[in-house]
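Structure first, then comments.
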Amino acid sequence: MKEPSRTLAWICPACRQSVIVERSVFSLAAASSKAACPCGKSEVKIEPLEDRFQITVPCLTCGKDHRVTCSQEAFLHQKAIALACAASGLDCFYVGEEEAVFAAVRRLEAAADQLPAKQPEEGEEPGTFLNDIIMHEILGELKDIASRPDGVTCSCGSKRWSLKVGYSAVDLICADCGGALRLPAATDSDLDDLCCKHKLVIKGR
């Protein structure tokens with residue numbers, strides 16, 4: 001019987017190649033570990049704590065390392081989880097089941113193709129959106145969905161919400177419980193996914 005494992009993935013900011021590695025659940029839980037890009041210029045650090053993991057990941061969008069914590073249950077057992085850059089909203093790391101992670105990486109690669117070849121210099125402002133056309137189309141679709149009866153609701157029962165527009169995603173935030181729904185807004189597939197939806201439900205807290 002094959003030992004349970006997790007697939008880890010990110011796009012290296014240095015060589016801009018996808019890095020996908022497999023680690024056993026036991027090795028991840030037993031001790032601190034690292035996974036490096038073959039180019040040697042980026043790596044993910046994973047440190048198991050009492051009931052959670054601390055993960056340090058390189059970010060393709062801003063070029064910096066992000067340090068986040070994740071519950072042990074989610075990190076070791078959820079189908080897939082994504083860690084995103086707070087500045088851009090674009091994902092920078094995935095962990096989960098192989099098939100789900102591969103699918104997520106393909107979407108991230110499509111978004112990454114639209115990123116500038118180099119990071120903005122110190123003090124230099126990036127563009128307003130990763131893809132202006134897709135973002136405006138997404139906002140138009142959201143307006144249509146929101147105009148329908150119960151077009152946007154929260155699982156807590158609220159129908160009051162606010163909109164936060166980021167660099168590559170839009171967040172719908174429940175005004176009552178604070179739950180959020182992130183909608184990627186960078187690629188044609190992001191737009192296609194939203195166009196298929198007649199209603200949106202925010203995951204309440």
Side-chain angles (χ1 to χ4, degrees), residues 7 9-11 52 55 57 59-62 66-71 73-75 77-97 99-116 125-205:
T7 298
W10 72 99
I11 295 181
R52 63 194 188 282
I55 312 118
V57 300
C59 180
L60 175 68
T61 317
C62 69
H66 297 305
R67 181 178 292 177
V68 296
T69 57
C70 175
S71 74
E73 175 66 25
F75 192 87
H77 302 294
Q78 272 194 20
K79 184 174 182 179
I81 58 173
L83 305 181
C85 172
S88 70
L90 203 64
D91 294 340
C92 56
F93 176 76
Y94 301 107
V95 58
E97 297 173 6
E99 187 176 338
V101 169
F102 269 83
V105 169
R106 283 195 293 270
R107 292 179 68 111
L108 181 58
E109 287 171 343
D113 285 343
Q114 300 174 60
L115 288 169
E125 289 296 319
T128 306
F129 305 120
L130 178 56
N131 187 319
D132 290 345
I133 294 172
I134 293 295
M135 179 60 80
H136 288 299
E137 291 286 345
I138 290 279
L139 292 175
E141 284 296 323
L142 271 175
K143 185 177 179 181
D144 288 344
I145 294 172
S147 68
R148 299 168 189 150
D150 296 331
V152 179
T153 58
C154 181
S155 60
C156 77
S158 175
K159 296 180 182 179
R160 301 190 311 126
W161 54 279
S162 61
L163 187 69
K164 181 181 177 184
V165 180
Y167 179 60
S168 63
V170 176
D171 291 320
L172 306 182
I173 303 166
C174 176
D176 290 311
C177 74
L181 173 66
R182 170 158 287 178
L183 302 172
T187 67
D188 289 337
S189 62
D190 295 336
L191 181 58
D192 290 343
D193 285 349
L194 186 61
C195 288
C196 293
K197 295 180 170 66
H198 294 284
K199 293 184 178 182
L200 294 170
V201 180
I202 300 167
K203 187 178 180 181
R205 288 179 174 172

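Please read these numbers as outputs of a predicted model, since none were measured by experiment.
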Heavy-atom pair with the smallest gap, counting every atom of Cys92 and His66 = SG-CD2, 4.0 Å

remark   = Distance col, row Glu97:CD vs Gln78:CD, nearest 0.5 angstrom, shows 10.0 Å

query = Ile138 and Leu194: which non-hydrogen atoms are nearest, and at how many Å?
reply = O-CD2, 3.7 Å

query = Do side-chain atoms of Arg148 reach the backbone of Lys199 as a donor and acceptor pair under 3.5 angstrom?
reply = no

task = Report the distance from atom CG of Asp190 to atom OG of Ser168, rounding to the nearest 0.5 Å.
result = 8.5 Å

query = Where the side chain of Thr187 meets the backbone of Ala111, is there a donor-acceptor pair that is under 3.5 Å apart?
reply = no

Which atom of Arg182 lies closest to which atom of Ala84, heavy atoms considered = NH1-CB, 3.6 Å

message = Return the CD to CG distance between Glu141 and Leu200, rounded to the nearest 0.5 Å.
response = 10.0 Å

ask   = Passes side-chain contact (heavy atoms from CB on, under 4.5 Å), Leu90 versus Tyr167? Steps please.
value = CA-CA 8 Å; Leu90 203 64; Tyr167 179 60; 5.7 Å; no

ask   = How far apart are the C-alpha atoms of Leu108 and Tyr94, what are their side-chain angles, what is the distance that settles it, and do they pass the side-chain contact (heavy atoms from CB on, under 4.5 Å) test?
value = CA-CA 10 Å; Leu108 181 58; Tyr94 301 107; 3.6 Å; yes

remark   = Nearest heavy-atom contact between Ala185 and Val170 is CB-CG2, 4.4 Å

inquiry  = Taking salt bridge (charged side-chain N to carboxylate O under 4.0 Å, His left out) as the criterion, tell me which of Asp188, Asp193, Asp91 meets it with Arg107.
reply    = Asp193

request  = Could you pull out the closest heavy-atom pair between Asp150 and Lys159, with the gap in Å?
outcome  = OD1-NZ, 2.7 Å

key: Straight-line distance of Ile81 CD1 to Ile55 CD1, nearest 0.5 Å   = 6.0 Å

request  = Return the minimal non-hydrogen interatomic distance between Cys154 and Gly204, and the atom names on each side.
outcome  = SG-CA, 3.5 Å

query = Are the side chains of Lys143 and Leu139 in touch, meaning some heavy atoms are under 4.5 Å apart?
reply = no

request  = Indicate the ring-plane relationship of Phe75 and Phe93, choosing parallel, tilted or perpendicular according to the 30° and 60° boundaries.
outcome  = parallel

query = Does a sphere of radius 6.0 Å around CD in Glu99 hold more than 12 heavy atoms from other residues, nucleotides or ligands, not counting ones at 6.0 Å or beyond?
reply = no

ask   = Do Val101 and Val95 pass the side-chain contact (heavy atoms from CB on, under 4.5 Å) test, and can you show the C-alpha distance, the side-chain angles, and the key distance before you say yes or no?
value = CA-CA 7 Å; Val101 169; Val95 58; 5.8 Å; no

query = Can you check whether Phe129 reaches Ile134 side chain to side chain, under 4.5 Å on heavy atoms?
reply = no

inquiry  = Using 0.5 Å steps for rounding, measure from the CG atom of Leu183 to the CG atom of Asp171.
reply    = 8.0 Å

ask   = Does the side chain of Val152 come within less than 4.5 Å of Trp161's, by heavy atoms?
value = yes

key: Leu172/Leu142 under side-chain contact (heavy atoms from CB on, under 4.5 Å): CA gap, chis, key distance, verdict   = CA-CA 10 Å; Leu172 306 182; Leu142 271 175; 4.2 Å; yes

Gap separating the SG atom of Cys156 from the CG atom of Asp176, nearest 0.5 angstrom = 5.5 Å

